[in-house]
Amino acid sequence: MFPNATRDEPTLRPVQRLQRQLRTLFELSQEEGKDAETAAAAQALLDAKNAGPYERSLANQILAQVEIDRDNYPGAIGYFEAALEAGGLNNNTYFQMLRNIGQMQFQEEQYAEAAQTFTRFLE
């Protein structure tokens, strides 16, 4: 989706020992009305000492979605930013997430932050 990206795409290597937790987290995130359970599972994954960049990015991304469901865009922005910083996203997901952050910042009237985010996206 972003063939001209200058960001080096990381090699994604999920931690084998955490596959069950990842699967559970993903399944919970797909169920309606399971926000509390999803958030708890995501936090447990973040708390896992052996969680790598992929797991941290995914857990933060899912926590961001929980916050969006709660109409808490500032909270979602923070989790999306943490997902980016964790370094476990492929370029398609990374740049789509960056665009979403900018859109939410604009919606929250954080115009200077939105401008910085969109500039980062375009660069």
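What's counted below: heavy atoms across the whole structure, side chains too, no hydrogens, waters or symmetry copies.
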Worked verdict on Y73 versus Q107 for side chain to side chain contact (heavy atoms under 4.5 Å, CB included): CA-CA 9 Å; Y73 294 132; Q107 187 172 350; 3.5 Å; yes
Minimal non-hydrogen separation, L22 against P14, with atom names: CD1-CB, 4.5 Å
Nearest-0.5 Å distance that lies between atom CD in E113 and atom CD in Q116: 6.5 Å
Atom pair CG (D69) and CD (E32), whose distance is rounded to the nearest 0.5 Å: 7.5 Å
Nearest atoms (heavy-atom pairs only) where F118 meets R99: CE2-O, 3.9 Å
Approximate separation, where rounding is to 0.5 Å, of T24 OG1 and L18 CG: 11.0 Å
Flag, side chain of Q61 to backbone of A83, donor-acceptor distance under 3.5 Å: no
In one Ile/Leu/Val/Met/Phe/Trp/Tyr side-chain cluster, 4.5 Å: L58, Y94: no
Shortest non-hydrogen contact from L25 toward A42: CD1-N, 3.6 Å
Q96 side chain to N92 side chain, donor-acceptor N/O pair below 3.5 angstrom: no
Pairwise distance CD(Q110) to CE(M104) - rounded to 0.5 angstrom: 10.0 Å
Joint cluster assignment, F106 & L122, ILVMFWY side-chain distance < 4.5 Å: no
Distance in Å, E27 CD paired with E37 CD, rounded so as to fall on 0.5 Å steps: 13.5 Å
Spacing of CZ belonging to R7 relative to CG belonging to L89, to within rounding of 0.5 Å: 6.5 Å
Cluster overlap I77 with L84, hydrophobic side-chain contacts below 4.5 Å: yes
S57 side chain to A86 backbone, donor-acceptor under 3.5 Å: no
same_hphob_cluster(Y79, M97) at 4.5 Å side-chain heavy-atom cutoff: no
Hphob cluster co-occupancy, L46 + F80, side-chain heavy atoms under 4.5 angstrom: no
salt_bridge(E67, R70) N-O dist < 4.0 Å: yes
N50, CG: over 12 other non-hydrogen atoms inside 6.0 angstrom: yes
Heavy-atom closest contact (S29 atom, I62 atom, distance): CB-CG2, 3.9 Å
Closest heavy-atom pair and its distance - L12, G88: CD2-O, 3.1 Å
Smallest separation among heavy atoms of T117 and Q105, with atom names: OG1-OE1, 2.6 Å
Exam field: side chain E55 to backbone V15, donor-acceptor pair closer than 3.5 Å: yes
F2 atom CZ, neighbour heavy-atom count above 12 within 6.0 Å: yes
